[in-house]
Peer 1: 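The following block contains the structure, expressed as structure tokens.
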Amino acid sequence: MWRRATKSSLFLRLLKPSKHNASLSQSSTNGFPFHIHTHTHFQEKHGIFSKEVAPFITFVLGGPGSGKGTQCAKIVETFGFNHLSAGDLLRREMDSDSEYGSMILNTIREGNIVPSEVTVKLILREMESSDNHKFLIDGFPRSEENRIAFEKISGVEPHMVLFFDCPEEEMVKRLLSRNQGRIDDNIDTIKNRLKVFEALNLPVVEYYAKRGKLYRINAVGTADEIFEQVRPAFEACEVAK
Ligand code: UDP
Ligand code: MG
């Protein structure tokens, strides 16, 4: 069973390097606030790695408006995953009293990418507090830098990656008609989100395609039709069922 980690969480240890955590120091040589080494001995014994069952991770990628959230809801219903939307975690952090609030707001408003260490911390915090070991991580990693930061900090890789492939004009049409009151669903921000997606997120998609982990899904059609392409990816995987 996927138990909650006790005492100090991985999240807190990332913020406060301690004598038990020699792998993190505050000097920065790589653009992160901490100098991070991959240190599997430490990770195996602490944080999310102290759980009895290893996490099963699926990344869900696709451009803005490609239907990631809609399909994640169906995957949760059918296969019992815990759905972590990186965008939702950032919006929740922004609405709380967080020190990162205004930085996240400005970044989302412009359609750019929030610094990796902030997003990775939010994702790992959710993973640690979950009783479910099967995770759908939606809308992340958005760049090679995001991907590398997640792998370095967590020491784990996704088992599979779904990519919702959708033409730009269809994505724009969906975003402009969805009326969810989001500050970034306006034409100027949408244009930048699409640019950022192509320049920074597609290389991540290509990376996982090369590693044989990518399921490319044609994201045009009804939600039910698209789910019929998603279903076999999970059915083919014993642990995911
Ligand atoms: N975002 C981010 N890092 C992430 C996920 C989201 O910086 O890992 C920000 C980014 O500004 C993005 C916005 O949150 O444009 C909305 O992301 P979400 O996944 O909710 O929406 P999408 O654009 O994929 O429909
Ligand atoms: Mg979403």
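In what follows, residues are counted from 1 in the order of the sequence shown. In what follows, every heavy atom counts, from backbone to side chain, and hydrogens, waters and symmetry copies are set aside. Both ligands and their constituent atoms are indexed starting at 1 by order of listing.
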Peer 1: Mind telling me whether F163 and F197 have parallel, tilted or perpendicular rings, with 30° and 60° as the class edges?
Peer 2: parallel
Peer 1: Determine whether the aromatic ring centres of residues F150 and F59 are separated by less than 6.0 angstrom.
Peer 2: yes
Peer 1: For ligand 1, is any non-hydrogen atom under 4.0 Å from T119's backbone (N, CA, C, O), its side chain (CB onward), both, or neither?
Peer 2: side chain
Peer 1: Can you name the residues that form a side chain to side chain donor-acceptor pair (under 3.5 Å) with S98, not counting sequence neighbours?
Peer 2: E93
Peer 1: I need the atoms of ligand 1 closer than 4.0 Å to a non-hydrogen atom of G65, numbered in the order shown.
Peer 2: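 Under 4.0 Å from G65, ligand 1 has these atoms: 25 (O).
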Peer 1: Do me a favour and list the nearest non-hydrogen protein atom to atom 14 (O) of ligand 1 with residue, atom name and distance?
Peer 2: I108 CG1, 3.6 Å
Peer 1: Going by heavy-atom distance to atom 13 (C) of ligand 1, choose the closest among L194, D88, D184.
Peer 2: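 Considering heavy atoms of L194, D88, D184, the nearest to atom 13 (C) of ligand 1 sits in D184.
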Peer 1: Among all protein non-hydrogen atoms, which one is nearest to atom 7 (O) of ligand 1, and what is the separation to 0.1 Å?
Peer 2: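 Answer, as residue, atom name and distance: V114 N, 2.8 Å.
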Peer 1: To the nearest 0.5 angstrom, please state how far the OG atom of S66 sits from the CG atom of L175.
Peer 2: 9.0 Å
Peer 1: So which of R91, E110, R142 gets nearest to atom 19 (O) of ligand 1, if we judge by its closest heavy atom?
Peer 2: R142
Peer 1: Using a strict cut-off of 4.0 Å, indicate which atoms of ligand 1 neighbour a heavy atom of I113.
Peer 2: 7 (O)
Peer 1: Among residues at least two apart in sequence or on other chains, which ones pass salt bridge (Lys or Arg N to Asp or Glu O under 4.0 Å) with R147?
Peer 2: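 Salt bridge (Lys or Arg N to Asp or Glu O under 4.0 Å) check on R147 returns E144, E151.
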